[in-house]
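Everything numeric here is computed off the predicted structure, so don't read it as measured data.
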Amino acid sequence: MNDGPMKAALQITTPSDREVVMTRVFDAPRHLVFDAWTKPELLKRWLTGPSGWTMPVCEIDLRVGGRYRYVWRHPGQPDMGMGGVHLEVVVPERIVNTQLFDQDWTGGEGVGTLVLVEHDGKTITTNTVRYSSREVRDMVIKTGMTEGVGASYDRLEELLASQRARGAGQ
């Protein structure tokens with residue numbers, strides 16, 4: 001599949017007591033990556049975490065003050081839902097939003113900042129989440145988020161490759 005030296009690596013860092021930063025380079029122009037992050041029909045195809053999960057609910061009102069809602073499902077487990085409000089939207093380079101899970105296991109509202117930078121036809125995504133405390137940040141990292149985000153980002157790379165092959169977004 002997508003094994004070997006050509007596969008882009010997900011980098012996860014903790015630059016402050018409350019933040020997790022997830023960075024990866026995608027072999028696609030920024031406008032395609034932005035669409036994949038903001039169009040429900042695309043997001044539902046890749047933002048599903050570990051194998052076996054689906055995203056049956058994906059609603060996005062992409063404007064400042066607009067709300068979004070995601071619900072993930074896995075057989076035999078309760079649904080996991082989250083949502084928030086867009087605080088900043090700069091197409092196709094930046095989205096800032098609040099993040100709150102239905103079962104508030106993260107200790108209150110977080111803030112996510114997605115930044116997309118294109119260089120030579122590739123897009124660097126930097127997704128920063130600021131949590132309510134260092135303890136919550138550390139707990140989130142221990143949940144297996146690296147594997148879940150990594151699996152989702154691998155699916156995103158495959159989606160982007162299929163879109164490039166079809167000439168989507170031209």
Side-chain angles (χ1 to χ4, degrees), residues 2-39 42-43 46-50 53 55 58 60 62-70 72 80-160:
N2 252 354
D3 299 290
M6 297 305 289
K7 184 174 172 182
L10 170 64
Q11 297 177 1
I12 296 184
T13 58
T14 53
S16 76
D17 284 353
R18 294 173 44 201
E19 292 177 313
V20 172
V21 178
M22 298 158 278
T23 305
R24 178 157 167 185
V25 178
F26 292 96
D27 186 15
R30 182 167 65 174
H31 72 277
L32 288 182
V33 179
F34 188 86
D35 284 353
W37 277 91
T38 59
K39 293 185 176 181
L42 298 176
L43 207 58
W46 70 267
L47 189 62
T48 55
W53 286 84
M55 181 190 272
C58 181
I60 300 172
L62 191 63
R63 62 184 173 86
V64 173
R67 301 192 68 76
Y68 71 96
R69 176 140 178 83
Y70 306 148
W72 292 274
M80 183 173 67
M82 68 154 318
V85 176
H86 294 295
L87 305 175
E88 184 180 342
V89 177
V90 181
V91 178
E93 61 192 61
R94 181 177 168 90
I95 301 171
V96 180
N97 55 33
T98 62
Q99 301 181 355
L100 185 62
F101 282 87
D102 295 354
Q103 298 81 18
D104 183 18
W105 58 276
T106 59
E109 194 170 73
V111 175
T113 302
L114 174 68
V115 176
L116 307 175
V117 176
E118 185 174 341
H119 183 69
D120 292 335
K122 296 182 187 296
T123 302
I124 303 163
T125 62
T126 304
N127 189 7
T128 303
V129 181
R130 188 180 72 233
Y131 294 99
S132 58
S133 70
R134 177 186 201 124
E135 293 74 28
V136 169
R137 181 206 65 186
D138 292 349
M139 177 191 66
V140 168
I141 291 170
K142 291 177 185 171
T143 65
M145 77 170 284
T146 302
E147 293 78 18
V149 172
S152 288
Y153 280 18
D154 289 348
R155 280 190 296 277
L156 174 54
E157 184 66 55
E158 292 169 9
L159 172 66
L160 293 166

Run the side-chain contact (heavy atoms from CB on, under 4.5 Å) check on E93 and F34 step by step: do they pass? CA-CA 7 Å; E93 61 192 61; F34 188 86; over 6 Å; no
Using 0.5 Å steps for rounding, measure from the OG1 atom of T98 to the CZ atom of R130. 11.0 Å
Identify the heavy atoms of M55 and C58 that sit nearest to each other, and give their distance. SD-CB, 3.5 Å
Applying side-chain hydrogen bond (donor to acceptor under 3.5 Å, both in side chains), can you list everything that pairs with D17, at least two apart in sequence or on another chain? R134
Sequence neighbours excluded, the answer for ring-ring contact (aromatic ring centres under 6.0 Å, His included) partners of F26 is Y153
Value for CE (M22) from CD (Q11), rounded to nearest 0.5 Å, stands at 13.0 Å
Mind listing the closest non-hydrogen atom pair of G49 and S152 along with its distance? N-OG, 2.7 Å
Of all the heavy-atom pairs spanning W105 and M139, show the shortest one and how long it is. O-CE, 2.8 Å
Rounded at 0.5 Å granularity, tell me how far CD in E88 sits from CD1 in I95. 10.0 Å
Shortest non-hydrogen contact from R137 toward V20: CG-CG2, 3.4 Å
Which of V129, N127, T38 passes side-chain contact (heavy atoms from CB on, under 4.5 Å) with L114? Answer is N127
How far apart are the closest heavy atoms of Y131 and R18, and which atoms are they? O-NE, 2.7 Å
Anything under 3.5 Å between a donor and an acceptor, one on a side chain of residues 118-126, the other on a protein residue two or more places apart or in another chain? List them.
| from | atom 1 | to | atom 2 | distance (Å) |
| --- | --- | --- | --- | --- |
| E118 | OE1 | R30 | N | 3.0 |
| K122 | NZ | D27 | OD1 | 3.3 |
| T123 | OG1 | A28 | O | 2.6 |
| T123 | OG1 | R30 | N | 3.0 |
| T125 | OG1 | R24 | O | 3.1 |

Please examine the side chains of I12 and L10, heavy atoms only from C-beta on, and report whether any two atoms are closer than 4.5 Å. yes
Contact summary for S132 and G107, nearest pair of heavy atoms: OG-O, 2.9 Å
Does any non-hydrogen side-chain atom of L42 lie less than 4.5 Å from one of L159? yes
Knowing that exactly one of I60, L156, L62 qualifies, which makes a side-chain contact (heavy atoms from CB on, under 4.5 Å) with W37? L156
For the residue pair Y70 and W72, categorise the inter-ring angle as parallel (less than 30°), tilted (30 to 60°) or perpendicular (more than 60°). perpendicular
